[in-house]
Number of protein chains: 2
Amino acid sequence: MEFKEAKNKFVQTWGALGSQWGINKTMAQIHALLMVSNEPVSMEDIMEELQISRGNASMNLRGLMDWGIVYKEYKAGERKEFFTAEKDLDELAVKISRERSKREIKPTLKILKEVSTIEAKDSAEEKHFVDQTTKLYDFVLKADNMLDKMTEFNENWLGKLIIKMMK
Amino acid sequence: MEFKEAKNKFVQTWGALGSQWGINKTMAQIHALLMVSNEPVSMEDIMEELQISRGNASMNLRGLMDWGIVYKEYKAGERKEFFTAEKDLDELAVKISRERSKREIKPTLKILKEVSTIEAKDSAEEKHFVDQTTKLYDFVLKADNMLDKMTEFNENWLGKLIIKMMK
DNA sequence: AATAAGTTTCAATTATTTTTGAAAGTTTAA
DNA sequence: TTAAACTTTCAAAAATAATTGAAACTTATT
């Protein structure tokens, strides 16, 4: 396989994976493209390589920057903006975790707390509901805290974690 | 908040969360409904509670069974089929992890292997591509193996894991 | 302060995904 | 073996999400 083909295959695959995880295809593709680029890429180049419109590129780049995993860069003497991706994978994982926690997990926890603390009357049905949502709350809270812990490990937490798990 | 309201809120929230994670809303809602039901639920009841068509219910129940997190049950003397959800949350997490690994991670690893092993010529661009995709391969492989390990812990791995992480 | 270079926004369009509903298929019981 | 009870399938319709493109906006240059 030659370089261009491999690069394209990677970008497509990353895009498809993104879709399956609730990230829009183009956003994932742009991210993939920037991840494997050794130097900052302009919006023009992104549009060209992925065959997408200016508006699309602009919006998805903004989205990626909101996630904190793509940065804007300026080149001396150039008016255009360039973009780079976070390339450290541990850092990338930490940022994505943090952001998903903030956007999705925390609000869900809030609701779980609410619904699990209704007064359970005496019916088995209601008791089971309270019991199950309480368990779910505890579980999600624990999982979310684990993500927080990961950020403390910081350097290569995944490797360290696996070593601990082996023991 | 009264029971019916809480239940509805939970089902809606779980459905919305599903969407954000690439699981279709109805599938997530059915799962939520079954999780908090203390006894098996018929397709009729699911249709009624979620206000969805028979076809929709049928297809999404099938999907949930393919994930291995919803089971069919038969009640003595009843012709209808009933459904229950996996309610043990550790077990649920393990099953979802296993299935996502099989369906999404493993195929992605295969592609990453392919594209990271092209002959890198001498250009910095190509070298960076090979380097970055190799790192990505290693990272995803490690993360995937961690999921496997979780299944070995089996009983309350999340709690144990957090304790280990604290140390 | 006018112009040029570049970016963002958003209503309209297009593509994708989900849902419906009725026909076809299955299974059980008489 | 027929009919009734129930489930599955899938083409068409509806709902949702992504994309375009051109006008509005911003910033830098002359």
Side-chain angles (χ1 to χ4, degrees), chain A residues 11-34 40-67 70-84 100 103-104, chain B residues 11-34 40-67 70-84 100 103-104:
Chain A
V11 169
Q12 294 306 124
T13 304
W14 212 239
L17 194 67
S19 300
Q20 288 168 321
W21 285 81
I23 289 135
N24 108 33
K25 194 185 63 176
T26 302
M27 191 181 283
Q29 286 180 342
I30 294 177
H31 182 245
L33 187 63
L34 295 179
V41 184
S42 71
M43 206 156 87
E44 294 289 345
D45 289 345
I46 292 168
M47 289 164 57
E48 166 66 23
E49 282 222 50
L50 302 181
Q51 289 292 301
I52 57 172
S53 71
R54 188 173 294 286
N56 197 3
S58 174
M59 291 183 103
N60 284 115
L61 279 166
R62 151 64 61 100
L64 285 163
M65 288 189 293
D66 290 348
W67 276 85
V70 159
Y71 316 109
K72 224 180 235 186
E73 291 202 1
Y74 299 93
K75 277 193 191 173
E78 290 251 33
R79 186 109 158 243
K80 262 200 290 255
E81 298 175 337
F82 292 80
F83 301 88
T84 6
R100 285 211 112 145
R103 296 186 194 189
E104 296 153 14
Chain B
V11 168
Q12 294 306 123
T13 304
W14 212 241
L17 193 67
S19 300
Q20 287 167 320
W21 286 80
I23 289 136
N24 108 31
K25 194 185 62 176
T26 302
M27 192 180 283
Q29 285 181 342
I30 294 178
H31 182 246
L33 186 64
L34 294 179
V41 184
S42 71
M43 205 156 89
E44 295 289 343
D45 289 345
I46 293 169
M47 291 164 56
E48 166 65 23
E49 282 222 51
L50 303 180
Q51 288 292 301
I52 58 173
S53 71
R54 188 172 294 286
N56 198 4
S58 174
M59 290 184 103
N60 284 115
L61 279 166
R62 152 63 60 101
L64 285 163
M65 288 189 294
D66 290 347
W67 276 84
V70 160
Y71 316 108
K72 225 180 233 185
E73 292 202 1
Y74 299 94
K75 277 192 191 172
E78 289 252 34
R79 183 105 163 246
K80 262 200 291 253
E81 298 174 337
F82 292 81
F83 301 88
T84 5
R100 286 211 112 145
R103 296 187 192 188
E104 296 153 14

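Below, chains carry the letters A, B, ... as their sequence lines are ordered, and counting in each starts from 1.
Atom CE of A:Met27 is separated from atom CH2 of A:Trp14 by 15.0 Å, given to the nearest 0.5 angstrom.
Under the side-chain hydrogen bond (donor to acceptor under 3.5 Å, both in side chains) criterion, B:Glu73 pairs with B:Thr84, not counting sequence neighbours. By the side-chain hydrogen bond (donor to acceptor under 3.5 Å, both in side chains) test, B:Ser42 pairs with B:Asp45, sequence neighbours left out.
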- Task: Could you walk me through whether A:Lys72 and A:Phe82 pass side-chain contact (heavy atoms from CB on, under 4.5 Å), step by step?
- Result: CA-CA 6 Å; A:Lys72 224 180 235 186; A:Phe82 292 80; over 6 Å; no
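One can place CG of A:Asp66 at 10 Å from P of C:dT9, the figure rounded to the nearest angstrom.
The two residues B:Ala28 and B:Gly18 come nearest to each other via the heavy atoms CB-CA, 4.0 Å. A:Phe83 and A:Leu34 make their closest contact through O-CD2, 3.6 Å (heavy atoms, listed as atom of the first residue, atom of the second, distance). When all heavy atoms of A:Val70 and A:Met65 are compared, the closest pair comes out as O-CG, 3.2 Å. Annotation for A:Glu104 and B:Trp21: closest pair OE1-NE1, 3.0 Å, computed over non-hydrogen atoms.
For DNA chain D, the outermost nucleotides in 5' to 3' order that have an atom under 4.0 Å from a heavy atom of chain A are D:dA18 to D:dA28.
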Distances under 3.5 Å between nitrogen or oxygen atoms of protein and nucleotides 2-5 of chain C:
| unit_1 | atom_1 | unit_2 | atom_2 | d |
| --- | --- | --- | --- | --- |
| C:dA5 | O4' | A:Arg79 | NH1 | 3.3 |
| C:dA5 | N3 | A:Arg79 | NH2 | 3.1 |

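Sorted by residue number, the members of residues 41-61 of chain B with any non-hydrogen atom under 4.0 Å from DNA chain D read B:Met43, B:Arg54, B:Gly55, B:Ser58, B:Met59. Sorted by residue number, the list of members of residues 15-27 of chain B with any non-hydrogen atom under 4.0 Å from DNA chain D is empty.
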